[in-house]
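This one's a predicted model, so the numbers in the text were calculated from it and none came from an experiment. Note that ligands are numbered from 1 as they come in the structure, with each ligand's atoms numbered from 1 the same way.
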Amino acid sequence: MAANPWLPLQDALNTLLAAAPSPTESVNLPLMEALNRVASQDIIAPINVPPCHNSAMDGYVMHADDAKAGNQLPIVASIFAGDTNEHVIGRGECARIMTGAPIPDACDAVVIQEDTERTDTHIVIMETAESGANIRQTGADITAGHCVIRAGTRLRPSHLTLLSSLGMATVDVYCPVTIGLMATGDELKSAGETLEKGQIYESNRIGVAALLNQCQVNLIDYGIIADRPDAIRTALHTASQQCDLVISSGGVSVGDADFIKDVLAELGKVAFWKVAIKPGKPFAFGHLNKALFCGLPGNPVSAYVTTEQLVIPLIRHMQGESVNAESHRQLLPATLSVSIKRRAGRLDFQRATYHTDEHGKLMVTPHRKQSSGVMTGIVEANCYMLIPAEAEHLQAGDNIMIQPFSIWG
Ligand code: AMP
Ligand code: MG
């Protein structure tokens, strides 16, 4: 074992990402089912958006040379959005036009309604409009033939809206990865069971599953496994046959009932099992047959933080998304509101709350509960505050990076 057996987070992430196989299979899905899936091909726009010049405002359309303040013009037509007729508007004439309605050939200006005075049959223009005014030009947003979404992009609601505007009904996305989840611990009981002295309710699987569901995965739940090598061996072996990635919680540290590393070494290969982060130091990663394996710490906050910081980037990579160890976290600079004294050594993901002060400055305050077993700290916080591994003293007013919750790209 090296002098410092704790792997820095960045090195751990690089190891995970390097081990992640790239997806090979894709499927064509209706847009309604494609949310949060990863595009497997570059998507090329088949048409211009907008497909034709159209009005950006409610007003009057005309030749730009007629759009001069003081001009009086007869209204010769009314054009609504969706109108497919060919309207001919001559010099010295105008047409009433609604937002989204097509601009007639040869017209090149829209005077907004507010800049006109109207009688039954005519308008008087109060403000001159330039050529092109209030007109959305053909292809101004998207030009046919352009790549609008790169392969490896996770499809968010905005992407699906854009694809719909191109007339696309389906999209090619990578097949989801299959993930097996289990919790180890003799003390763990399920909801509905009565707790005997020394027992607790199992809570890691639901939280981890909920975090993973943000990535659209196929999840197989293997339940609660006893702290016995034979039970763990059977569960890991079965899961490794059925899954691309197997995740367990608990039993990965140095206690006398911590068998995960030994069984992993016996059935497969341990790549590392200590990461220099807090919470979450004991985190095992390795190979189990063809599957990858992540052994989360049992403490609920540790399991949650390591899922977010290590497992989700791994899954995103396995799903074909373009991620790297540096970019997967979206950090913001903030100002620390209190002083902190701590022991150096691990990158600390303190649970914290950010807000803007009366000058608009982004401030951050650590939650008072930082124990790795205490979920209320994370529930009441809105961000992680990242204390660098080497920092011992931080002063109120220091700059510090934060990672707002639920922003993972
Ligand atoms: P371990 O990593 O197995 O040593 O567990 C560390 C702590 O986390 C112990 O207090 C366990 O009781 C607790 N713990 C382990 N697994 C879970 C779980 N699935 N749900 C809630 N608490 C757990
Ligand atoms: Mg345990």
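Counting only distance, with no hydrogens or angles, the side chain of R118 and the backbone of I123 share no donor-acceptor pair below 3.5 Å. A donor-acceptor pair is defined here as one N or O able to donate and one able to accept, closer than 3.5 Å; no such pair exists between the side chain of R346 and the backbone of A276. Panel note: side chain N134, backbone A56; no donor-acceptor pair is recorded below 3.5 Å. The closest donor-acceptor contact from the side chain of H287 to the backbone of A271 lies at 3.5 Å or more, if one exists at all. For T184 (side chain) and S249 (main-chain N/O), a donor-acceptor pair under 3.5 Å exists by modelled atom type. A distance-only check finds no donor-acceptor pair linking the side chain of E202 to the backbone of I224 [under 3.5 Å].
Nearest to atom 18 (C) of ligand 1 among the protein's heavy atoms is N204 ND2, 3.3 Å. Looking from atom 4 (O) of ligand 1 to the surrounding protein, the closest heavy atom is D258 OD1, 4.0 Å. Regarding atom 21 (C) of ligand 1, its nearest protein heavy-atom neighbour is S203 OG, 3.4 Å.
Contacts with ligand 1 closer than 4.0 Å are made by no heavy atom of R205, backbone or side chain. Proximity of I224 to ligand 1, defined as any heavy-atom pair under 4.0 Å, is not found for any part of the residue. Contacts between S249 and ligand 1, counted as non-hydrogen atom pairs separated by less than 4.0 Å, involve the side chain only. For V252, no heavy-atom contact with ligand 1 is shorter than 4.0 Å.
The shell of residues lying under 4.0 angstrom from ligand 1, judged by heavy atoms, excludes G255. For the pair G185 and ligand 1, no heavy-atom separation below 4.0 Å is found.
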Before you tell me yes or no, could you show the steps for N382 and T353 under side-chain hydrogen bond (donor to acceptor under 3.5 Å, both in side chains), namely the whole-Å CA-CA distance, both residues' side-chain angles and the distance that decides it to 0.1 Å? CA-CA 5 Å; N382 63 11; T353 308; 4.6 Å; no
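Ranked by closest heavy atom to atom 22 (N) of ligand 1, the top entry among D186, I200, I206, I260 is I200. Considering each of E187, K189, M182, E202, the one bringing a non-hydrogen atom nearest atom 19 (N) of ligand 1 is E202.
Close contacts of ligand 1 with A183, meaning ligand atoms under 4.0 Å from a residue heavy atom, involve 19 (N). Each of the following atoms of ligand 1 lies closer than 4.0 Å to a heavy atom of N299: 6 (C), 7 (C), 8 (O).
Between I247 and the options T306, I179, T307, N204, a side-chain contact (heavy atoms from CB on, under 4.5 Å) holds for only I179. Considering L166, L162, T143 as possible partners of V49, the one that fulfils the side-chain contact (heavy atoms from CB on, under 4.5 Å) test is L166.
Geometrically, ligand 1 and G251 share a nitrogen or oxygen pair separated by less than 3.5 Å. Residue G298 has at least one nitrogen or oxygen atom sitting less than 3.5 Å from a nitrogen or oxygen atom of ligand 1, judged on distance alone.
Cation-pi contact between R351 and Y384: absent, since separation from the ring centre below 6.0 Å together with deviation from the ring axis within 45° is not met.
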